[in-house]
Each structure stands twice: as structure tokens, then as C-alpha cells.
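Keep in mind the model is a prediction, meaning the values are calculated, not measured. Every heavy atom of this structure was used, including side-chain atoms; hydrogens, water molecules and symmetry mates were not.
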Amino acid sequence: MPETICQICGTPNPPDAVICSTCHSRLGPPPGRTQSLDTPGEQPSTEKENLEWLERVRELNAQDQLSKSGGFSASVPPSIPTPIPEAEVENPDWLHNTRDLAAAQKPPNQTPAGEDLSWLNDLRASTGSLTPPPAIPTNAAEVLAAAAFAKHQEEMEDTEHLGETQQLAPRSSIPGSASDWLDKLGALGENEQLKPGFEDSFGSPLAEIGTVVNYDIDRATGSLGKPEETVVPVPASLEPVPPPIEPAATPPVVENIPPAQVPEATAPRPEQVPGQSAAPAAGLDLAFLDSMLAETPVAEAPFEHEAGVLPSQPTPINENVPSEVPSAPPSEPSLSWLQELQNLPEPQSAQTLEPSIEAAASPPSEILEFIPTTPPVVAEGMPKMDFSGEQPGVPPLPAAELSSQFTSEELDARLLNQFAPSIPEEIKAPPTPSVPPAPSAPPPQPSQELKSMPGFSSTGLTGFLGSDALAEMGMEGILPPERTPASTPASPPPAPPPIAPAREAAPPTIIPSLEIPAAQPPMAQAGFPDGSIQPPAAAPKPPAAQPIMEDPLFHPPASSLEGIQLSEEPYAGVQSVDLGSLQPSEETPDWLKQYASEFKVDENQASLFPSQEELSKVPASDSGIPPASPQPPAAPSQTEKYTADVSAPLDFTVPEPQPVVPAAAEIQNQDWLNTVINETPASPADLFKDVEEPRFAAPEEELPAQPAQDSKPPAWVMEPGQHSGFTGPLPDWLQELEGDQEVRSSPEGQEEIIPDLFVSPSSATPAAPEPEPIEERIGIEAAVVPGLSDLGIQTENLFQSPEPQGEALPPRKEPSLEDLGIHPEEFFPSKEPPGETPLPQPDWLSSLPAMQDGAEPAPVQPEPGPSQFKKDETPSAAASVLGVKAISQASNGAPPQNAGKSSPAVPFGMESLPDWISAEHGDGESSDGSPDQPALAQAEMPGWLEALKPVGMAKAALSTSQPATPSGTPVTGSLKTTTGSLGGKPSAPATSQVASPAPGPKTENQKQYAAMMEQVLTRGPAQAAPAPGKKKRSRKVLWIVIAGLAVILLLILAAVGLGFLPLPQLFSTETVTFYNTIETLPPDAPVLIALEYSPAFSAELQPVSEAVMEQLALKHARVSFISTQPAGPILAEQLLQEIHNVNPSYDLAANTANLGYLAGGSTALQGFSLNPASVTQTGWDGQPAWNKNALAGINNLSQFAAILVISENADISRDWIEQVQPKLGGVPLLIATSAQTGPLLQPYTASGQVDGLVAGISGAAAYENILGKPAQGSALWQLYLAAQILAVLVILLGLVLRISRDRKKLPSGEG
Amino acid sequence: MSNAELPWTLASFILTLLVFSFLFGDNPVFRFTLALLVGTTTGYLLVMLIQQFIGPKLIHTIQSGGYQLAAIPIILCVLLMLRLIPRYSRLGNISMGFLVGTGAAVIIGGSIFGTLLPQLLASIRQFSSWRSMASPEGIVKFLEGGLILFGTITSLMYFQFTQRQKPTPVVLQPNWGDRIRAVGKFFIVVTLGAVFAGVFSASITALVSRLAFLWDTVRMFIG
């Protein structure tokens, strides 16, 4: 598949790519197209479809224009925009839109689609650019308009499918200057660059200006880089001085100009590479500018500025100029004139200017050159302007004459001024005295540079100038008055519109004869060549202008201004504008209008156009530019705080500033634009102009004296509505906010909770009083959020500005906590420092229980319940966490007490380190509390910021003194500072009354918790429990020792024998009954013995089993054995063997039977009780058991003489009792069990269900004793008795040890 | 001790010492002894089941022609063995149900008729001798009955929670229910103590028995 070429950058992309990999623009058709993605085979022509949307935009614009002029509708229905042509340079979308608008300025059949460009239509209608020029121009304006219009039409036809940005390249300009950002709006082509010989363009005859100047805003920003062949462009920096306006003739029509259009006009115009055809105009009306530029001869010598050298031309953005772009004619204008403006020669000396000023009554010859005549001519020395090509013979303006006249900034300002709306009538510049042109002066030809000036088109200019809309816009002053070689200007040039920033003087204009209302510094100040331009005569005194914010961009350093003698007299033709007298235009939003009357320009506010007074006031040796590098703080103590962690100061070096050309009068007239311009920094560096630079420099660096204005807080920190430059009435919501704020009257009486972080250190901010300790509470009920001042942070030192004192700083050393103003003891103040005054509290905080400032809290009344926490000993939870102490010393600026002490470096570089951190740092000194003076001066905070401070929390400062441990034990570790903070003594929880009405734990639960917390806090590390592992090991060793001793003792006793120990003499009833039952059995009685015990309990049960068996053997009873346990039959066999051994005469085969194992548990017993023969058919030997003698005559269990159950398990015994006993029918049931089961079977014995019970070894011993045959049971009984005694002794010993250990663990005070 | 018993005695002696090694904590020797015990018991049990139960109850029945009598047990046994197969484990629920049902019936019947009713009667009988309260034995018996009754009631009331515990208990004056529960707690504590004492006694007995065996063995070997 073929690769997809990006329409913007021309980079080939994969066929299936949607986004260009280079410029990230859409490759395919814009969304909304009907292109089906499911049909990959159908690959639409991207190029053609991309252009369709652009075409639609253009058509739409054209329709708008027609509707404006002849019935076109203002609103153009949106349509699919024409895609950006291929190989168009990468430019912002808005620029594309503007270009589309220009491109849409085509015949009605080419209706561009796109956004609603009705505002452009309005502009065009007002400017008359859409109005076709008259067939027979009658004046210079018409000529210019016709030329511009024609040129524009040609451009649109030629470069229909070309984006204006494709031939644009960024034009180098002074960063931050008025031209800089204008230049960056568009990109020039490769070859479209400002030529060094730009000044030559300005040298063209003044008459050429009239055909060139065109201050059509939209076209100025849209049609960039469209060279024109023959039209001499008006230099862009030329102030569009409106024509002389009669007081009652042409009222200013500023309101016709939509504000939105102005930014377009103020947008930097990119350069245009000479030799290339200008790109099609972005908008319908901007093409004339391109046409004007296109006529600039390319062969003109580049403008060379004598004063300096322009920065190197930047690389054009567009690297891939489409081949289909028609090559520009040789006379194509370029935007190099703008660049050349920057290389203007040294300003003319005052001596040179004087004659110019004196001759202000009549337009100077240079100015006359710019006065349009019929036919329009190009003024000499003026930058070449682009004409529509109708006057190919218009020579370019000689640029050499302008090389020493204007600085780049002034030219840029003029460029902007031409797009500014007309100034009010009352502030218009006085009419420029008409100066008869030089008879022999050839018609000025537009230089190539002028032609390349974007936005200039002779055709459009002519029409524009000749229309009433021009007068309405107040832009009549752009063009010099018409003049003929033998005639004088019809009328003095009207007063130019005021400059938007409302400076004192209007920016200098290239055409001083054009009445510029504001008197600007003479052109010589800006480096304009003297003598070439005469300032306007009898210029009205401009209104008081606001000083321009000193800025390195607009105030070049002293070195660069050396040799430049700035005249204090306003330059002729430059008029200052009082912005205060400006009236908002009708198009100004209402919300903005309300501030218009009170709009005041703050001197500290950044402005693109410093007044000439400011420029003149700047001495050569001191440009007033603050040093670029941050200055170290003045105070050594303050410096040290912030030099710990910063190795090198931050570099805020700005590029070499250049003089700033004030804005054009037209621009000054736009109040909203004034606001924008005033508040818009000229350069990115201006954004940080108000920000206090952090001072991280070495202490040894000297700080220059700071002007008083540096102490002001930055604009963005200031009160709402008090923003620098805006002093108008605040909206209601802001006013309410201000009313709720408590403006601090004096720093001394203020307690900063959240200090101003961006206040210069020079501001005198006394320390805030130490806040009162935290109220006695449990939890964080009274917790207050401390401020940075409370934490000891001297905010003004955080971002220190150069100290005005300029004193030498001590050597840099590692700051300590004290140096940083951190006094951990202050976090837990015991008392208020003297001289502290309570801070005003907001209402919401005052409603809380009052906390006494600077006074010891009331002692807690002892109560049986949990103790109250002393006020001075209770760090609130919040305070302890935040490490806060309402520092009262933050504002006094006094050095810390322990400034000389060394302390470990604080990793955070903050002063407000909690006490526990300082304690861990080993700074035990920090725990020694004393209300130290704050290390940082209290900053002055705006009211609105202060209102946000939770003052109440700051007041509840912790006691400064380290609370003593109640127990008196030294406390170390992180809890050192919190030891004893709770104070009081916990009381035993009981149903006691809640003691005191003082704030404290109220409920029992709270009291208990408080007591517990106090115990935890007061418990020192000595009382800490040992490690678990260690404890476990000790227990194990102890256990082994004890067990071993016991075993050894028993062995000894066993060896020795305990025969001396008596046998049990007291027998239980159950044991006696048991014996009696067996004893009373008749001989040869069938007895069923159930051996239900496990071998583990043989020690207890085997003796009794042998005893009973021996007794039965003596009776010659027929004994049958059965068991429901697996081990039963085995045990039975063993028992029979033992009996045979003891009594060999007892015939086991004839007298005994082993029924074996009975499986089934209780169920089996139930069945066995019902039909024993069927359940146990065979015996242990596998032979039928019920045929044996032992079971002879036995069919059921009731036929047995006795049933003996020998079991250690209570359940088994219970089963026999529950299942079998009911079926026995009076047959005695005897149970021999273990000692653990005996108590459980006692109820059965008491109830009569069990006739006899022998339990444990003691029972066995007793039975043997009763039987009179001591046996194994008796022997074990003695040893058992000894073990019992030993066990009791061990238990007692353990109890004693536990009690003693518990006693040690208990607090000594609690005894 | 005969020579035939000597190996077993010696084995017993060694195994006893191995078990005593648990004094020093869990160790492989002790685990070996446990494993030996478990293994021996399991083998013995298996053989005994086959010899004492399966053989005569099942095989012998089948051999004797009692298929009808043996069919049901065989089927239930097979179904029970199917529980080893997860796919057919549900079939073993029949056998399990039969076993559980019969066992529950036996236990419940035995508990009621073998424990509950006789114990009630016995408690009531304690007070039936009020006529003989003139004698000291009668009085003692009456008091015993009263004490038993009181203890039984209070112990049962201890397990009766009629008052919901609050999340933040507040110490209040105990009411009569709390006092009764406290008495019942006392009886329960005493009972558990008695049981613990019996268990302790049994353990001591086992210890001394083993120690005695060790000494006897040592003395036997020593001579």
C-alpha cells in the first residue's frame, strides 16, 4: 500500500497510520467524514480530501464577506473544512484557522467551511477590506485598498491549496519583545527570513507607505509570508497612525472592532522568505497583507542595523516546502524587515533629535515618504510592504534610512499599533502638521521587507484606508496623510489610538507625523536613527502613565544601554496614553467594563510596552534590572537557614533584554487589550517577575540593595482584587471575602499561623506572639492547625530577596535547628512567653472554650476518675503530630537564641520540626524549652490568607517546658517530649462522679482511656517488657530445670521407696460398695468385665483391674471380657495372663471368655444390651463365644451377676450407663475409672445407676487396702503422693514468682 | 521377668526415654515415637477389624448363605466407600445418614432415659427425705440436695445472656441476675477445677508409673 504523507509535515507514514508519527497530526480525513473504515480498499485521496475542508472554510468565509458587503449572512453554516495542504509547516491550529479564513476570502463559489468567522466579517466590513476597491481610486487609501485587494485575490488563486504556514519560518526576535511572540505565531518558510537589510525597506519614500499600510487585523495575522510582487508593504512595526481626524468628523470607532480580532493583529507575523511566493492568506482579509509583502522586492539589500546584530535567524520550521508552492517573485516581500528592525542602528542623539522635534510642525521628509499619495508610493526608509501587485512599479522602501531609526521593539510595537483600534477622540494625538513632501522625492517603493511584512497589502490597505470603517476603527492614523509632492497633507494625522498599557507616552512610531496621542520617548532612546523621523509637533501632553515594570526584557542591562542617551522628551509623534481616561469599547464585555474606570496600571505589573519615561529614567549605569541571579539574603541568620541543603543558587538569568517598544496607540485604546497586555508577560521570565526568588546563595555573597517595592508581596499572593495592575471594583463575592478577612493591622500583634511564604525579607514583620497553650482536652477537640510561623518558619526567609542592607553574610555553615528557628521546646510550652499578646481569633474559634494566652492553665482538680491533663503538659494530638507551636517570634525577625549552636542538619530544611525529630537528632538541647525568639521574621500576610488560618489551633500552643515525668524516671526516645504531658494520676475506674467542670475527660470511658494513655506515656523504657524471644528462652530453660528436678526427685523416691507413707485409710462409699458387690458375688457367678481403657491409663486402671480380677478369681467367677475399644481385648488377655500368674489354679479357659472387640460404639452397646449373643457371636479367638462355659446360660445381660466397666473415658462409661444399665434389671454395674472421670461419674453413683465406683490410683490403693493385698497400686500410690506434693510445691513457687513479677511491673506510685 | 519379655522391656524402656525427650521440646525422636505408636495402633486396628468384624460379620455371613442379611450391609458399605471418589461421593451420604441417624437416636434416647430422667429423679429424691430431716443424716441429705439444686440452677443461669452488652460498658450496680450468674460461675469453676485435678492426678499417675518402670528396669539391668 502506498505510504500516507502527512499533510502537515510531509512525513511519510504507514498506510494504516491515523496519526502522523512526526507531528502527530491526523493523517486521514478529519472526523465526520463519511470515509468508511471497513473498506480498506477504498483509500480516499487524502490530499484531496484534506483540502476539501479547507476549501469549505474558505468558502464559508467568502460567503460571510459577501453577506457583510452585499447581503451575506453573518453566520456561516459550518461545513467540512478544507484539509491543510500537504507539506504545510506545523503551526497551531488557530493559525490554520486564521489562514483558512484568509484562504476563504475567495470568490463566492469557494465557500470555506469551518468555524464561525462572523467576527472576521465584522472586521472586514468595518475595515472595508472585503469591499472591493472602487474601480477608479480617488485617493491614496482607495488605491491602497484596490492594490491590496487585487493582490490578495491573486494570492488566493495561486496559493489556494497552500497553507500559509508552509513557507513560514520562525523569525528570530528578541525574546520577550513585542515582536518575539508575534513572530512565533507563524512560521516562515525556509527562505522567508528577515533580511538584515530591513532598514533599507524603511528607506523607501514615504509616499509608498500610503499604498502599503494596511492594518487589517485579521489579514495581518493570517496572511503570513505571502510576498507580493509590486506592492510596497508598510513596515509592520509602523504604527498605524490613523489619518488626521477632525474633532467632529471622524469619531473613533473602536467598538466596531471585535476584541477577538485584536489578538490576531497582535500576533507575531512570521517572516517571509524572499524569493518565495507568500503562502495563501489565512483569512479572507489577511491575504492583502501577504500581497503586500509579496511585492517587496527580494533583491533589496538586507536591512542592517548598525547598533547591533540581530540574533541568528532561527531555522525555519518548514523543512519541506511543497514543490507546488509557486516560487515567489523576486519582489516578494519578506518578513526580514521585522528582524531587521532589531538591528537598527544606535539611536539618534538628542542633538539629532532636536531638529526633528523642531520640525515636528511639518511632517519630515521621511514621514512624508510614508504618506500615501496617488498613486501610492512607498516611503523611503520604510520597510517594504506587500501590495497587491497593482503597482508593480512601486519601489521598495529603502531600509538603510530606517536602520538607525527604530529599534526592533519599537518597530514591533508599531506593528502592533496598527492593529489597535482607534483611540478615542479625546486622546488622539494632535494632528500632525503636514509637511510638504520633497518635490524631488521619488515615489517610495516598497521594499522587499515591507512587502514581506505580513498583513500588509497595498490593495487591502488602500481600500481599508479609504473606507469609513477605518475612521471608525480609529486607525486612520496608520497611514500618513495623503501628500503630493507639492501638496501638504490634507489634514494632520489623527491622533493615534492610545497604547493599551496606558503608558505615559505612546510608542514611538515610524511616522511621527501620524498623530499618536501618547508622547513616547524619542526614537533615539530606542535606537532609531535620528533625523529620519520627526516627532509630531504639538503633541498633547499624554496623561499620566504608569511606570513600566522593570524587567530585564524590556530594560536592557546597563551595558547594552551604554551609549544610548535616552531623551526625556517624548519623541515627536509619540503620544502617551492615559489608560485611566480610556473608555471601554462597546465590545468590551460588561464584566470588564466595570473595571475600566478604575483600571490602573501598576508599575510593578509586567508590561510589554514600558513607557518612554521609564526608559528615559533608566540610567545608563543602572538599568534597574534586578540581577538575574538570585541574591543571597542579607541577614546571616536567615541566610544560614536556607543554605543548608542548597548547593548552588538558582539561576534565573534571562536573555539580554532589549528595549521594548510601547504598543501602538490603537492597541492602547483597547482597554481589554490593555488589560491583557498589561497582565501578559512579555516573556516567560516575566511570569516570575513577582515571585520572590529563593535565596540559596552563599552567605558571603553580598546582596544589592533592594528597592522598596521588592518588599511587596507578589501579585498573586496579594489580596483578591488587589492584584497589581487591577484596582478596580471587586465583584461581590470578592468583596465579601475581603470583609471576612481580618487584615492584620500590625505585625506585632499578629500571630501568624500560616505565614506568608513569599514576602521579601526586607519587609518588617515582627514576631507574632506566642500562642497560648493547647486547651486541656482529650483528643483533638481543641487542636489547632499551626501555621508556619508557629513552627518557627520565618517565611520571609524562605524566598529571600536581596537584602537592602547589603551586609556581608557570615560564612556558610550547616544550620542547626536553632538556627532555623526550630525550638522543639516551643512545641510544648509551659508558659506563655512574656510580652505575647493573644492573636485575634475568628468567630468560629472564639466560640470554642477559650484558651488563655500567655498564662498557665488552671490546675486540674484531682478526681477519682481519670486525671485531667494539665494544660501545659498536654500536647494535643494535632500539635504533637504536626510539631506545632504557635510561634510568636516569627515576625520579629530576631535571630534565634541558639544561633551559634551547632546541630545536625535538618533533612527537610524546615524550621518547623517537631520536638520528637529534634530529640532523635540528638539535639537534647532542643528539649529544653524556652520561648525563643523566632528565627524568621513574621511575614505580612494578606487578609484573605490570614483568614484561612485556623488561629485557634495556633493559640493552643503546647507548653514550652518539658513536662517532667510523673514517675521521675528519665525518659528517652521519641516519647521524651511527650512524657508527662498528660499529667495527673490515673484513678481506678469506678462508678465515680465526673469530677471537675474543667475541660477534660468527661465520661468514664474517656477517663479510663486517659489514664491508660498516661500510663503508657509515663512508662519509661526501663519498664519496657523484655524481648519476646528472650523471654521465651528463659521460660524454656526454667521449665527444663524444674521438670528435670522433678523427675530426678521421683526417681530417687522410687529408688528409696516411700513405704513409710501410709496407704489411704479413708475409703469412699463408692469404693466400699464396689468391694462389697464383688465380695458378695456367689462363686461361679458370671461376671462381665468391659475393659474400655487405653493403655495410657494402665497405671491407674490396671491395679484396680488386677485387684478385682484377683478377687473374682478367688470366687471362681466366670469372667467374660468385652470391649468397644480396639485395645480392650489385648488388655483383657494381658489381665488374664496376670491373673494366671498370680493364681495358676484359676482356669482361664473354663472360667473366662473373651468376646473381643465390639464395634459400633453406643449403637453396638445398645444392640449388645438387647441381644448380646447376636452381636458377639464369636470371641476373640474366633470361636463361638457363647458356647463357652463362661457364658453358659447367658442369653442377655441381666443374667450376669455383675457388670464391671473399667474405663478412663467418661463417655464410654456414660454409654454403658445409658445404654446397658437400663437393661440390666438390677444387675449391679460397677465402674472403675480414672481420677479425671471420677467426678463426672459421681452423679450416676448418687443416682443409683452405678453401684460402685473406684477412681484413680487412690481408689486402687484403697481397694487394695481394703482387699488387704497391697500391690502395684499401693506402690504407685506412695510415689503418686510424693509427686502430688512436689507438684503442689512447684505450683506455689510459680505463683509466688508471678506475683513478685507483677508487682515489679506495676508502677511504683500505684503501689 | 522372663527372657521373652526382656526385649519388650528393653524396647519399652527405650521408648519411654524417647517420649521423655519431649521435655526438651519437639524433636525427631519424639516424632518417631509418635509415628511408631500411630503406626502400630493403626495396624493393630486394621487387623482386628478384619478379624473381629468384617470376617465374621460379613464374610462369614455370606459364606453361610445369609446373602439377604448381608446384602444391606454390603450395599451400605459400598456406598460409604464411594465417598472416596468425589464424583460419587454423594452416594455415600446414604450410609452416612444411616449411621448418623441411628447414632443420634441411640444417643438421644440414652441421654434422656439414661441421664436426664434418672438424674432428675435422683435430685427430687434428695428432697423426698424431708421427713427424715429430724435426723442429722436427713438434714445433711436435704442440704446436699438443696446445694445440688442451687448449683444446678445457678450454673444453668450463668449461660443465660438476657442483657445485651453495651459497646462502652458502664460500670453499674449488679442486679440479681448478675449475682446469680456469679454463683453459677462459682459452681462451674469448682467443677472445672475438680476435673482439672483429676486430669492432673491421672497425669501424675502416668508419670510416676513410668518413672517407676524406668527405675525397675534400671535396677533389673543393674542387678
Most chain B-contacting option - heavy-atom pairs closer than 4.5 Å, from Ile1130(A), Asp1215(A), Leu1050(A), Val1047(A): Ile1130(A)

Atom CD1 of Ile72(B): over 12 foreign heavy atoms under 6.0 Å: no

Residue Phe200(B) versus chain A: region with a heavy atom under 4.5 Å: side chain

Minimum heavy-atom distance between Ile1217(A) and Gly114(B), given as atom pair plus value: CG2-O, 4.5 Å

Minimum side-chain heavy-atom gap Leu207(B)-Tyr1280(A) below 4.5 Å: no

Trp1180(A) and Gln52(B), any side-chain heavy atoms less than 4.5 Å apart: yes

Contact summary for Thr205(B) and Glu1100(A), nearest pair of heavy atoms: CG2-CG, 3.2 Å

Contact winner vs chain A - Ser123(B), Ala122(B), Gly110(B), heavy-atom pairs under 4.5 Å: Gly110(B)

Interface residue of largest heavy-atom contact number with chain A, from Gly109(B), Ser209(B), Ser201(B), under 4.5 Å: Ser201(B)

Contacting moiety of Phe20(B), where chain A heavy atoms sit under 4.5 Å: neither

Nearest-0.5 Å distance, OG1 of residue Thr1178(A) to CZ of residue Phe53(B): 11.0 Å

Greater than 12 external heavy atoms within 6.0 Å of Phe196(B)'s CZ: no

Chain B interface, residue from Ser1162(A), Ala1127(A), Ala1055(A), Gly1256(A) that has the most non-hydrogen pairs under 4.5 Å: Ala1055(A)

Nearest atoms (heavy-atom pairs only) where Gln1249(A) meets Gln119(B): OE1-NE2, 3.3 Å

Point-to-point distance, once rounded to the nearest 0.5 Å, from OG of Ser1247(A) to CG of Leu117(B): 11.5 Å

Within 6.0 Å of NZ in Lys185(B), more than 12 heavy atoms from elsewhere: no

Nearest-0.5 Å distance, CH2 of residue Trp215(B) to CG of residue Leu1279(A): 12.0 Å

Exercise: identify the closest heavy-atom pair between Gln1166(A) and Val106(B): CB-CG1, 4.2 Å

Region of Ser111(B) in contact with chain A, defined by heavy-atom distances below 4.5 Å: both

Residue Phe186(B) excluded, over 12 heavy atoms near CZ under 6.0 Å: no

Heavy-atom pair count under 4.5 Å with chain A, highest-scoring of Val199(B), Thr191(B), Thr115(B): Thr115(B)

Full working for side chain to side chain contact (heavy atoms under 4.5 Å, CB included) between Tyr1157(A) and Leu49(B): CA-CA 8 Å; Tyr1157(A) 170 69; Leu49(B) 284 175; 3.7 Å; yes

Minimum heavy-atom distance between Gly103(B) and Thr1163(A), given as atom pair plus value: CA-OG1, 3.9 Å

4.5 Å side-chain heavy-atom contact, Tyr1244(A) and Pro118(B): no

Atom pair CD1 (Ile204(B)) and CD1 (Ile1257(A)), whose distance is rounded to the nearest 0.5 Å: 12.5 Å

Heavy-atom contacts under 4.5 Å, residues 1233-1243 of chain A to chain B: Ser1234(A), Ala1235(A), Gln1236(A), Pro1239(A), Leu1240(A), Pro1243(A)

Interface moiety of Glu144(B) toward chain A, non-hydrogen atoms closer than 4.5 Å: neither

